[in-house]
Amino acid sequence: MGRAHVYKRDHTNTDEIIPARYLNTDDEAELAKHCLEDLDKDFVSKVRPGDIIVAGEDFGCGSSREHAVWAIRGAGVQAVIAKSFARIFYRNAINNGFYVIESPDGLEKINDGDELEIDYKAGVIKNITAGIDIKFNPLPDFALEIINNGGLLEHITKQQK
Amino acid sequence: MGMTITEKILAKATGKEKVVPGELINANIDVVLFIDVTGPPAVSMLAEKGMDKVFDKEKIVVTPDHFQPAKDIKSAELHKRLDEWARRHNIKYYYKIGRAGVCHALLPEQGHIRPGEVIIGPDSHTCTYGAFAAFGTGVGSTDLAAAIATGRLWFKVPASMRFILNGSLGPGVYSKDVILTVIARIGVDGALYRAMEFVGPTLAEMSMEARMTMTNMAIEAGGKNGIIGFDKETEQYLDEHLKDKTDYTIYESDEDAEYVRVEEFDCSIIEPMVALPHLPGNGVPISECAGKTMDQAYIGSCTNGRIEDLRIAAKILKGKQAAIRTIVVPATPTIWKQANDEGLFDIFYEAGCVIAAPTCGACLGGFMGVLAAGEKCVSTTNRNFIGRMGHPESQVFLASPATAAASAIEGKLEDPRKYL
């Protein structure tokens, strides 16, 4: 279970998720301190382990910096729900074993602070606060396999064995 | 049903006769790019997983660029990790500081980009290489790690979009204005997950440098790759630049290849364009935004930091004074030397510009021209997101080198055609 942090906007980009001025490190805990800093400077003080980010179209557009996924994960976020994702961010998330959920109506049915529970396999977001279920298309099998193996490198290692 | 050039390259890389959009493939990688910000994390991951090996030390090209020369202690540590790894694995093409440059300008210039090949890099603008009828795409550090260790990566074959460019560009109008027009029409996610294939007579009149500016910004429309077919111009550039490996395969889209969307442009009516803050898709003609005061002009980056760009800017700045801070960043040491030899530095110096060493630097708000709160910069770079070049309350206006140079002289956004 986690609380929703809702950003009712499209094109939340990697410069907003983790500004390049912090890219001189790849330390996840350090990156997490600046997660979403230029968009919402209070985010890091509000976020608790297991929380969920909810946003509009094209989440994670821009740079290929995997630091964006690390900053979000490092901040304790369990998943991002968006109408759509930028390609490289989506790849990076799966390769890191981090859940990204494409939901066309999540943004309309989730308010900031709502308590959510996600069944990744069944493809259901339970909005406990609103008392509704929001269905989504589960990740494709190959992506779930990578996530379940703990990320791309673990997945490759397992396949080679 | 025929295939697009992108599908043909990916089929060949997978050892198949045919691939179709949406198909998951495991492709062989021909060239792996490695840079300072996103490379060292990949190395650490490999070491951590007991996979510290390279699939082919001659197929990896290493250059520090984003924060080179080191801007602070932490980036010096990144460079140290990069250096230690490249030396330990005896990487053949390692461009050390002094020969290092902005990767997407450096790799074609040093002969690492060949038609028909698959190039991946841990930088989103790896799509630049599509100008050479190759498949180039940006990935993250984990993908880079996997490619370094195995020489292969999974891809979903993208559906293709076709952009037909007709007409000759008017004076003072450049490929940057064309790509800003394209992105303004389709939006910053208009090509999400798609291949952007550019065709048409306008391209025949563009140099390879100008074409690279187009494919470079495919990612700004969400594209997986940008691609332009092979022609005499491509051949001539390759003849001059390829070194160790000079053979390549030319692929062309079939007449009956399938496209999910076709857009046609009359490039003869395109005006100099400016993308307003805070999205590259906010392009408007200069006539709609001229007069807006600026604090800085920035001429450089993988989009517009090549010799042709510096020549265009110098021609306008010659004998003039920049009214605002103007920073010129040749993208590679070779371009730097060429600009110096051609006397461009004299022009920039007389105009009161700063001339920097090759680096990505301020394009991403790193160093060498970072903006303060409330400042506005006209920039030849590729992104104008919130905080991109510095303070979250600063603003970036994307434009061609000509528009940036004319705006530098006036201290406000200005139509470059006034100075032709």
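Order of the sequence lines fixes the chain letters, A, B, ..., with proteins taken first and strands second; residue numbering starts at 1 for each chain.
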Chain A interface, residue from [options] that has the most non-hydrogen pairs under 4.5 Å:
options                       : answer
B:I73, B:I386, B:V370         : B:I386
B:L279, B:L24, B:T126, B:D123 : B:L24
B:H391, B:E393, B:M51         : B:M51

Taking non-hydrogen atoms and a cut-off under 4.5 angstrom, which of residues 359-369 of chain B neighbour chain A?
->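 Residues in range: B:L364, B:G365.
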From [X] [atom1] over to [Y] [atom2], what is the distance, rounded to the nearest 0.5 angstrom?
X      : Y      : atom1 : atom2 : value
B:E220 : A:N13  : CD    : CG    : 10.0 Å
B:S141 : A:L152 : OG    : CG    : 12.0 Å
B:F385 : A:L39  : CZ    : CG    : 12.5 Å
B:L78  : A:L23  : CG    : CG    : 9.0 Å
A:L153 : B:L46  : CG    : CG    : 6.0 Å
B:C127 : A:I88  : SG    : CD1   : 7.5 Å

Assess whether atom [atom1] of [X] is packed by more than 12 heavy atoms of other residues, nucleotides or ligands within 6.0 Å.
X      : atom1 : value
A:K126 : NZ    : no
A:K8   : NZ    : yes
B:K80  : NZ    : no
A:R48  : CZ    : no
B:K156 : NZ    : no
A:D42  : CG    : yes

For [X], is it the side chain, the backbone, both, or neither that has a heavy atom closer than 4.5 Å to a heavy atom of chain B?
X      : result
A:F142 : side chain
A:E28  : neither
A:N92  : side chain
A:I156 : side chain
A:Q160 : side chain

Can you give me the closest heavy-atom contact between [X] and [Y], atom names plus distance?
X      : Y      : answer
B:P41  : A:W70  : CB-CH2, 3.5 Å
B:M45  : A:E66  : CE-OE2, 3.7 Å
B:F67  : A:N24  : CE1-N, 3.9 Å
A:S63  : B:S124 : CA-OG, 3.7 Å
B:Y193 : A:F85  : CE1-O, 3.5 Å

Inspect the contact between A:K83 and B:D189 and indicate whether a charged nitrogen and a carboxylate oxygen are less than 4.0 angstrom apart.
->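 Looking at B:D189 and A:K83, the cut-off is not met.
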Please flag which part of [X] lies under 4.5 Å from any non-hydrogen atom of chain A: side chain, backbone, both or neither.
X      : answer
B:R81  : side chain
B:K224 : both
B:N382 : neither
B:R383 : side chain
B:I219 : side chain
B:L144 : neither
B:T150 : side chain

Without swapping roles, check the side chain of A:S64 against the backbone of B:P122 for a donor-acceptor pair under 3.5 Å.
->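 Yes; judged by distance alone, with no hydrogens or angles, the pair exists.
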Contact winner vs chain B - A:T25, A:D58, A:T14, heavy-atom pairs under 4.5 Å | A:D58
For chain B, which of A:E16, A:R91, A:R65 has the most heavy-atom pairs under 4.5 Å?
-> A:R91
